Amino acid sequence: TGLDARIAAQSDDVTARTRAANAAADAAASLEAVLRAAQNARQDAATRAARAANAVSEAERAHATALAAAPSEDATKAAAEAEAAARATVERLQTATEQARAAAETARALAADARDARATADQARAGLAAEVKTLSTLLAQGKAAAFAPAVDHMRAASGYETALGAALGDDLEAALDPAAQEFWVERKAAGTDASLPPGADPLSQFVEGPAALKARLDQTGVVADQAAGTALADSLAMGQRLVSKDGAVWRWDGFTRQAGAETSAARRLALQNQLKAAEANLANAAASADASGAKASEAIQAAKSAEALEREASEKIRSAHRDAEARASERGRLERAASSHAAGLAAKTEALARARQQAEEAQEAAAAIETKAAAAEDPTAAKAEAERLRGEAGAAQIALAEARAEGAASVRTEEARAETERLQGVTNALNEALANLVALTGHLEACAYDEGFSDRAHALIRATARTILDGQGLSL
């Protein structure tokens, strides 16, 4: 029909207009999204640029602080110089310590040698003292209690003890004191004494003794040997005698004694000489022992002093080592601090450069985004066009709805007329069926059926009638 064609055309128009409105709305939304994205990007770029600027400020402050905190080069240089001076002191003290150690070793060696020398001297002195004591004891034996013999006052040269003993014999036992039973006295010669034979030396040249024995010693000649004595014996004057060093005697009156006959006087003289030599040696040994003792004491004291100097030098070098290590530690600390500061400053310089680069990049990005944002199309016109198209589509939809309502109303009128006719036919059929039921009821009442059957039949009829009436919206 014409109405259906009109509705179909209007439906197509609504569809087209709706699509156009939706497309315009989508375009407007896209433009608005682009603009909103540009605005968000602009805000983000501004935020990043501000953060980058703050980062630059922080990096500049950190860099300036690091520059201000730079370690003093003078302090590091002074620490290095102090360490070098301390090392030089260590080397100097090392030399001094080695010298002190060597001096102490030398002093200890000298002290040991001095102690050994003192011990040797003390031992020698003790030995000589024992020898002197022994000789003194031997000489003391046989002495007269009241008077000392002349021999005790005489000293023969070494090697002439036997000659003196042989020449004087027991006469040496006589005393020098006139109170003694036997004694020597000095006599003045009545005339000039005869000279000894040529080749004989007076015994007085080899013996020290009292004046009382000088005449006897002067008139005793010493010959070289047995042959000389025998040859000179006949030349002796009265009272003279000859003697050899080995004890042979030739007297003026012919008395002769062979060599080798040792006398007690000779033994005593030998002991006296031994004692004299021992006493001299003892004196020398005592002096040597005293000197050795003094030297040992000096050497020991010198060793102690050297050891004290060695300890002092060792302590000084230990102290110098500690000072050098402390100086080295301080220099190392300053160098590490300088190195650490340099590394930190380099890192902060790099961070500052990086922050500035990032800030510059953020500014450039912000400028680019600002350019894009400025070039973004304003969606206002597109939104207005979308609203206009949406309004036209709405009007077209309204017109379509009205047309459809009009068509629906026409359809409903035709359907209502057909339904009325159908219902009328049904009503007529029902009325006819109801009439038949009424007739049937009368017929049943007129027939003679048993009561049970009649009740059932009436019940069935009433039910059927009720059903028909319910279908017509009536009541029985």
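We use all heavy atoms of the structure for the numbers below, so side chains are in, but hydrogens, waters and symmetry mates are not. Sequence positions, counted from 1, serve as the residue numbers for this chain. Every value quoted in this text rests on a predicted model; they were computed, and no experiment measured them.
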**OP:** Assess whether side-chain contact (heavy atoms from CB on, under 4.5 Å) is satisfied between Gln226 and Trp250, documenting all intermediate values.
**Re:** CA-CA 10 Å; Gln226 182 77 27; Trp250 296 267; 3.5 Å; yes
Original post:
Closest heavy-atom contact between Asp323 and Ala86?
Top reply: OD2-CB, 3.6 Å
Subject >> salt_bridge(Glu312, Lys316) N-O dist < 4.0 Å >> reply: yes
Subject >> Thr65 side chain vs Arg61 backbone, donor-acceptor pair below 3.5 Å >> reply: yes
Subject >> Gap separating the OG1 atom of Thr220 from the CG atom of Leu164, nearest 0.5 angstrom >> reply: 9.0 Å
**OP:** Give a yes or no on whether Arg388 atom CZ has more than 12 heavy-atom contacts from other residues, nucleotides or ligands under 6.0 Å away.
**Re:** yes
Subject >> Heavy atoms of other groups near Arg19 CZ, more than 12 under 6.0 Å >> reply: no
Subject >> Closest contact, heavy atoms only, Phe147 versus Ala175 >> reply: CB-CB, 3.7 Å
**OP:** With the side chain counted from C-beta on, respond yes when Asp225 and Ser244 share a heavy-atom pair under 4.5 Å apart, and no when they do not.
**Re:** no
Original post:
Any idea which heavy atoms bring Ala111 and Ala303 closest together, and the distance?
Top reply: CB-CB, 4.1 Å
Original post:
Is a side-chain donor or acceptor of Gln240 paired with a backbone partner of Ala237 at a separation under 3.5 angstrom?
Top reply: yes
Subject >> Derivation of the side-chain contact (heavy atoms from CB on, under 4.5 Å) call for Arg390 and Thr18 >> reply: CA-CA 7 Å; Arg390 192 179 289 114; Thr18 299; over 6 Å; no
Subject >> Spacing of Ser340 atom OG and Arg333 atom CZ [to the nearest 0.5 Å] >> reply: 12.0 Å
**OP:** Flag yes if more than 12 heavy atoms outside Glu361 fall under 6.0 Å of its CD atom; otherwise flag no.
**Re:** yes
**OP:** Kindly compute the distance separating OG1 (Thr97) from CD (Glu91), expressed to the nearest 0.5 Å.
**Re:** 12.5 Å
Original post:
What's the spacing between Glu350 CD and Leu345 CG if we round to 0.5 Å?
Top reply: 11.5 Å
Original post:
What distance separates Asp218 CG from Leu203 CG, expressed to the nearest 0.5 Å?
Top reply: 9.5 Å
Original post:
Does a sphere of radius 6.0 Å around CD in Gln123 hold more than 12 heavy atoms from other residues, nucleotides or ligands, not counting ones at 6.0 Å or beyond?
Top reply: no
Original post:
Lys245 and Thr162: which non-hydrogen atoms are nearest, and at how many Å?
Top reply: O-CB, 3.5 Å
**OP:** Report yes if the side chains of Glu173 and Glu182 come closer than 4.5 Å at any heavy-atom pair, otherwise no.
**Re:** no
Original post:
Can any side-chain N or O of Asp152 pair as donor or acceptor with the backbone N or O of Ala148 at less than 3.5 Å?
Top reply: no
Original post:
Looking only at heavy atoms, which two atoms of Leu196 and Gln219 are closest? And how far apart?
Top reply: CD2-O, 3.6 Å
**OP:** Indicate yes or no: at least one non-hydrogen side-chain atom of Arg251 is less than 4.5 angstrom from one of Thr256.
**Re:** no
Original post:
Does Arg17 come within less than 4.0 Å of Glu392, counting only side-chain N to carboxylate O?
Top reply: yes
Subject >> Check: Gln358 side chain, Ala353 main-chain N or O, donor-acceptor pair, under 3.5 Å >> reply: no
**OP:** Determine, for Arg87 against Glu325, whether the closest basic-nitrogen to carboxylate-oxygen distance falls under 4.0 angstrom.
**Re:** yes
Original post:
To the nearest 0.5 Å, what is the distance between CG (Asp253) and CZ (Arg241)?
Top reply: 8.0 Å
**OP:** Taking only Lys NZ, Arg NE, NH1 and NH2, and the carboxylate oxygens of Asp or Glu, determine whether Arg318 and Glu315 approach each other closer than 4.0 Å.
**Re:** yes
Original post:
Are any non-hydrogen side-chain atoms of Leu172 and Leu213 less than 4.5 angstrom apart?
Top reply: yes
Original post:
So, do Trp184 and Arg216 sit near enough that their side-chain heavy atoms are less than 4.5 Å apart?
Top reply: yes
Subject >> Contact check, side chains of Glu360 and Gln363, non-hydrogen atoms, under 4.5 Å >> reply: no
**OP:** Evaluate side-chain contact (heavy atoms from CB on, under 4.5 Å) for Glu161 paired with Val207, printing each intermediate quantity in order.
**Re:** CA-CA 9 Å; Glu161 301 91 343; Val207 177; over 6 Å; no
Original post:
Does the side chain of Val223 come within less than 4.5 Å of Leu232's, by heavy atoms?
Top reply: yes
**OP:** Measure the shortest side-chain to side-chain distance between Ile369 and Asp44 over non-hydrogen atoms and say whether it is less than 4.5 angstrom.
**Re:** no
**OP:** Return the minimal non-hydrogen interatomic distance between Thr89 and Ala320, and the atom names on each side.
**Re:** CG2-CB, 4.3 Å
Subject >> Sidechain N-carboxylate O distance under 4.0 Å for Arg356, Glu60 >> reply: yes
**OP:** Evaluate the salt bridge (Lys or Arg N to Asp or Glu O under 4.0 Å) criterion for residues Arg327 and Glu330: first the C-alpha distance (whole Å), next the side-chain angles of each, then the deciding distance (0.1 Å), finally the verdict.
**Re:** CA-CA 5 Å; Arg327 300 290 185 181; Glu330 177 63 13; over 6 Å; no
**OP:** Tell me, with the steps shown, if Phe206 and Asp201 meet side-chain contact (heavy atoms from CB on, under 4.5 Å).
**Re:** CA-CA 9 Å; Phe206 307 101; Asp201 297 320; 4.0 Å; yes
Subject >> Polar side-chain atom of Asp13 near backbone of Ala9 as donor-acceptor pair, under 3.5 Å >> reply: no
